[in-house]
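Along the sequence shown, residues are numbered consecutively beginning with 1. What you see is a predicted model; the values in this text were computed from it and never measured.
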Amino acid sequence: MRGVDVGELVRLRAQRPEAIAEAAARRTRRPLLNDSGRLMIVAADHPARGALGVGERGFAMANRADLLERLCLALSRPGVDGVLATADILDDLLLLGALDGKVVMGSMNRGGLQGASFELDDRFTGHRAEDIERLGFDAGKLLLRIDYSDPGSLTTLESTARAIDDMAARRLPVFVEPFISRRTDEGRLRNDLSAEAVTRSIAIASGLGGTSAYTWLKLPVTDNPDDMAEVMQTSTLPAVLLGGEVGDDQDGAYEKWRGALQLPTVRGLVVGRSLLYPADGDVAAAVDTAVGLL
């Protein structure tokens, strides 16, 4: 992994903050989809929700230079189309010149901090539609967790619908990541990956906003991967698969993705921690394996 000069990044931020906008203005752009019609996006928007852990390593994503080095390596691999991240990370990648010819997706709502009492009232504290347009980025992504017993979910639902409208008005794609969620007896939020719950989340997310023309779905593979064929019949919106929690069985995760990627509405992968922080430490190999599934 190439080294990141943190001192130079800080110098630019302190002395020439306009360098970020200048880098965005001269960035070489590309269509969202290339000739293959597939997408391979690396995700790194977890830290802004205070979600810094990877597996058993509670603060694995807390070292920004290390994260940027992993991202630059992942983005340099053949077949990687782009990155999903919050403004601070994308600004660093712009200054590093790592986003030319890549799909850049801004993360829009990061207010649902991991472990907070207000986690399900997931306010839009990241990129706005106007920011994504102004910076010449290519898409946005938002997280929609719905707990039928938590009124905060209604706030998130309504603000999600308005964000979809704002993106569609600018003809910008927005990737909606829906879950049916509930709290455990200990108060921790858990996403329900049963076929029934994922089906319901797809139906709810697909109907938000005044038009679905620019809406994509970002979806988990169900607990039983064999259920995905029926689950994905719930909507005609294009979808990408998300990576989810990092586990020891990376080969098993690849197999789950491989099967779901054959379904007609599934157009690619948006995966973060399992590729950036693989158990064996080989980022390039993990990324290349995921690209090979497409």
[X] (side chain) donor-acceptor with [Y] (main chain) under 3.5 angstrom:
X      : Y      : answer
Glu158 : Leu154 : no
Arg27  : Lys102 : yes
Arg77  : Leu73  : no
Arg110 : Asp45  : yes
Asn109 : Leu143 : yes
Ser194 : Ala197 : yes
Asp100 : Thr28  : yes
Lys141 : Ala43  : no
Thr234 : Ile202 : no
Asp165 : Gly210 : yes

Looking at every non-hydrogen atom in both residues, tell me the closest pair between [X] and [Y] and how far apart they are.
X      : Y      : answer
Ala163 : Leu142 : CB-CD2, 4.0 Å
Leu241 : Trp257 : CD1-O, 3.9 Å
Asn63  : Asp66  : OD1-N, 3.0 Å
Leu276 : Ala74  : CD2-CB, 4.1 Å
Arg171 : Tyr214 : CG-OH, 3.1 Å
Asp138 : Arg30  : OD1-O, 4.0 Å

Identify every side-chain donor-acceptor pair in residues 216-230 under 3.5 Å, counting partners at least two apart or on other chains, and give the distances.
from	atom 1	to	atom 2	distance (Å)
Lys218	NZ	Glu177	OE1	2.9
Thr222	OG1	Asn224	O	2.8
Asn224	OD1	Asp226	N	3.0

Within the structure provided, determine whether [X] and [Y] are in side-chain contact (heavy-atom separation under 4.5 Å).
X      : Y      : result
Val271 : Val287 : no
Arg64  : Asp88  : yes
Leu39  : Val270 : no
Glu119 : Arg145 : yes
Val103 : Met105 : yes
Leu84  : Ser107 : yes
Leu269 : Val240 : no
Tyr148 : Arg200 : yes

Item to complete: Under the side-chain contact (heavy atoms from CB on, under 4.5 Å) rule, what do Ile20 and Arg13 come out as? Steps first, then yes or no, please.
Response: CA-CA 8 Å; Ile20 293 169; Arg13 284 178 169 278; 4.1 Å; yes
When hydrophobic residues are tied together by side-chain contacts of less than 4.5 Å, even through go-betweens, does [X] share a cluster with [Y]?
X      : Y      : value
Val198 : Leu120 : no
Leu237 : Val174 : yes
Leu113 : Met108 : no
Met40  : Leu263 : yes
Leu294 : Val283 : yes

Practice prompt. Could you grab the distance from atom CD1 of Ile146 to atom CD1 of Ile180, nearest 0.5 Å is fine?
Written response: 4.5 Å
Fill in: Residue pairs, two or more places apart or on separate chains, that pass ring pair (Phe, Tyr, Trp, His ring centres under 6.0 Å) and touch residues 57-91
none
Discussion item. I need the full list of ring pair (Phe, Tyr, Trp, His ring centres under 6.0 Å) pairs touching residues 120-144, with sequence neighbours left out, sorted by first then second residue.
Written reply: His127-Phe137
Worksheet entry | Sidechain N-carboxylate O distance under 4.0 Å for Glu18, Arg16 | yes
Worksheet item: Does the distance from a Lys or Arg side-chain N to an Asp or Glu carboxylate O, for Arg182 and Asp147, drop under 4.0 Å?
Response: no
Fill in: All side-chain contact (heavy atoms from CB on, under 4.5 Å) counterparts of Thr155, not counting sequence neighbours
Asp121, Arg123
Fill in: Residue list, side-chain contact (heavy atoms from CB on, under 4.5 Å) with Asp35, at least two apart or on another chain
none
Item to complete: Starting from the C-alpha separation in whole Å, work towards a yes-or-no answer on side-chain contact (heavy atoms from CB on, under 4.5 Å) for Met61 and His46.
Response: CA-CA 8 Å; Met61 298 188 79; His46 312 84; 4.0 Å; yes
Practice prompt. Please say whether more than 12 non-hydrogen atoms of neighbouring residues, nucleotides or ligands are located less than 6.0 Å from CZ in Arg29.
Written response: yes
Worksheet item: For atom CD of Glu56, is the number of surrounding heavy atoms from other residues, nucleotides or ligands below 6.0 Å larger than 12?
Response: no
Discussion item. Tell me every residue that passes side-chain hydrogen bond (donor to acceptor under 3.5 Å, both in side chains) with Thr156, counting only those two or more places apart in sequence or in another chain.
Written reply: none
Worksheet item: Please walk me through it: do Arg134 and Asp131 pass side-chain contact (heavy atoms from CB on, under 4.5 Å)?
Response: CA-CA 5 Å; Arg134 170 176 51 83; Asp131 299 320; 2.9 Å; yes
Fill in: Candidate pair Leu208 and Leu144, rule side-chain contact (heavy atoms from CB on, under 4.5 Å), full reasoning
CA-CA 11 Å; Leu208 292 174; Leu144 174 62; 3.6 Å; yes
